[in-house]
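The chains referred to below are lettered A, B, ... by the order of the sequence lines, with proteins before strands, and numbering in each begins at 1.
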There are 2 protein chains.
Amino acid sequence: MQTKEIWMAKLKEKGMRITAQREAIVDILLTSEKALDPLEVYDLTRRSHPSLGIVTVYRTMECLEHLGLLQKVHQACGCNKYLKLKAGHHHLLICTNCGRAVYFEGLNFEDQFEKVAENNNFQLQDHWLQLSGLCGRCQKI
Amino acid sequence: MQTKEIWMAKLKEKGMRITAQREAIVDILLTSEKALDPLEVYDLTRRSHPSLGIVTVYRTMECLEHLGLLQKVHQACGCNKYLKLKAGHHHLLICTNCGRAVYFEGLNFEDQFEKVAENNNFQLQDHWLQLSGLCGRCQKI
DNA sequence: GTTGATAATGAAAATCATTTTCAATAAGTA
DNA sequence: TACTTATTGAAAATGATTTTCATTATCAAC
């Protein structure tokens, strides 16, 4: 089953209907290599669906986030960008030039975070790690 | 020299004037153990300066951030909170209950981040690590 | 101290992103 | 095919932040 089919199946599972607008928005989000904000999704989706309203974009993206399919990504350029969530964990490496986002595997960072928390008398609940730099392509430019 | 004096000296250095409003805002920010948003700073500062305008809070906090004295802290409860920046680096441990923020020393995380970037063909520029959990005090409640 | 140039202030208006409202439309089940 | 009801898009409402502008206050020069 393709990712798109999985996403649409999840929507259906929650009693939500499959509409042309939702399919188009999902297409854009699944295709993008970088995190997008609602306005960007709106502009990109309107190329194929000119009558789309931005409210629909906001609503659809909110649903997808609640379903655990999209993840909010905080960046210097704004905290309203969303990226398709990869199963497992979510440490990101983001290109400061083109915005491309890549998930990376941690070298058991979790254990070290646990230790840091202990040292400070904290009971760890969550962590957040994000690296940024120039991706391979952008280094050559 | 006290921290407040250092801050005010930095303002003066940039040709900015020392006003009662700025002193009051700085007092609030230096005293707080947790990151505050402009509205919180406004409310707290108005206790001693009831005529303070919220625009002044926005402007002052923006200056302090540009001067490298305040740091923006991204949290589940919003991305518009600011914390006094500690010299050196800025990894935070934040209590999910009371919001208290503590800087912690990294166990040479930087080297590991560098390695991760290399593995993914990225040229590392920045990193962002933040842990959250229950602080000692809040665990007992 | 007084003066004067100008930075800072606060209120109101403007802006921008997001959410809510609501009547019209479309999805999908019966 | 008909019907229930979720979805849509436009407009209005909201909330946070920024800009504008006339008034006030700081502080350097005298």
message: Is there a side-chain contact between B/Gln112 and A/Phe109 in this structure, where contact means two heavy atoms from C-beta onward sitting under 4.5 Å apart?
response: yes

- prompt: 5' to 3' on DNA chain C, which nucleotides open and close the contacts with chain A (atom under 4.0 Å from a heavy atom)?
  reply: C/dA17 to C/dG28

field: side-chain hydrogen bond (donor to acceptor under 3.5 Å, both in side chains) contacts touching residues 131-141 of chain A (sequence neighbours left out)
entry: A/Glu33-A/Arg137

field: Residues that A/Gln21 engages under side chain to side chain donor-acceptor pair (under 3.5 Å), provided they are two or more places apart
entry: none

message: Roughly what angle, to 10°, lies between the helix axis at the start of the helix from C/dG1-D/dC30 to C/dA30-D/dT1 and the one at its end, five pairs per end?
response: 30°

- prompt: Counting only heavy atoms not in B/Glu65, do more than 12 sit closer than 6.0 Å to its CD atom?
  reply: yes

Contact pattern, 5' to 3', of nucleotides 25-30 of chain D - B, S or - by protein heavy atom under 4.0 Å: BBS---

- line: From CG of A/Leu11 across to P of D/dA6 the rounded distance in Å is 15 Å

task: Check the hydrophobic clustering (I, L, V, M, F, W, Y; side-chain heavy atoms under 4.5 Å; chains of links allowed) and say if B/Leu70 and B/Ile28 are grouped together.
output: yes

Where at least one partner belongs to residues 120-141 of chain A, residue pairs that pass ring-ring contact (aromatic ring centres under 6.0 Å, His included), sequence neighbours excluded: A/His74-A/Trp128, A/His89-A/His127, A/His91-A/His127, A/Phe113-A/His127, A/Trp128-B/Trp128

Pairwise ring-ring contact (aromatic ring centres under 6.0 Å, His included) hits with a residue in residues 2-49 of chain A, at least two apart: none

field: Other ILVMFWY residues reachable from A/Val73 by side-chain steps of under 4.5 Å
entry: A/Leu83, A/Leu85, A/Leu92, A/Ile94, A/Tyr103

field: Residues which pass salt bridge (charged side-chain N to carboxylate O under 4.0 Å, His left out) with A/Lys81, listed by chain and number, not counting sequence neighbours
entry: A/Asp37, A/Glu40

query: Is it true that the side chains of A/Gln75 and A/Gln130 contain a donor and an acceptor less than 3.5 Å apart?
result: no

message: Among residues at least two apart in sequence or on other chains, which ones pass salt bridge (charged side-chain N to carboxylate O under 4.0 Å, His left out) with B/Asp27?
response: B/Lys4

query: By a strict heavy-atom criterion of less than 4.0 Å, which residues belonging to residues 37-68 of chain A are in contact with DNA chain D?
result: A/Ser51, A/Leu52, A/Gly53, A/Val55, A/Thr56, A/Arg59

Scan the side chains in residues 52-60 of chain B for donor-acceptor partners under 3.5 Å anywhere in the protein, sequence neighbours excluded, and list what turns up.
from	atom 1	to	atom 2	distance (Å)
B/Thr60	OG1	B/Thr56	O	2.8

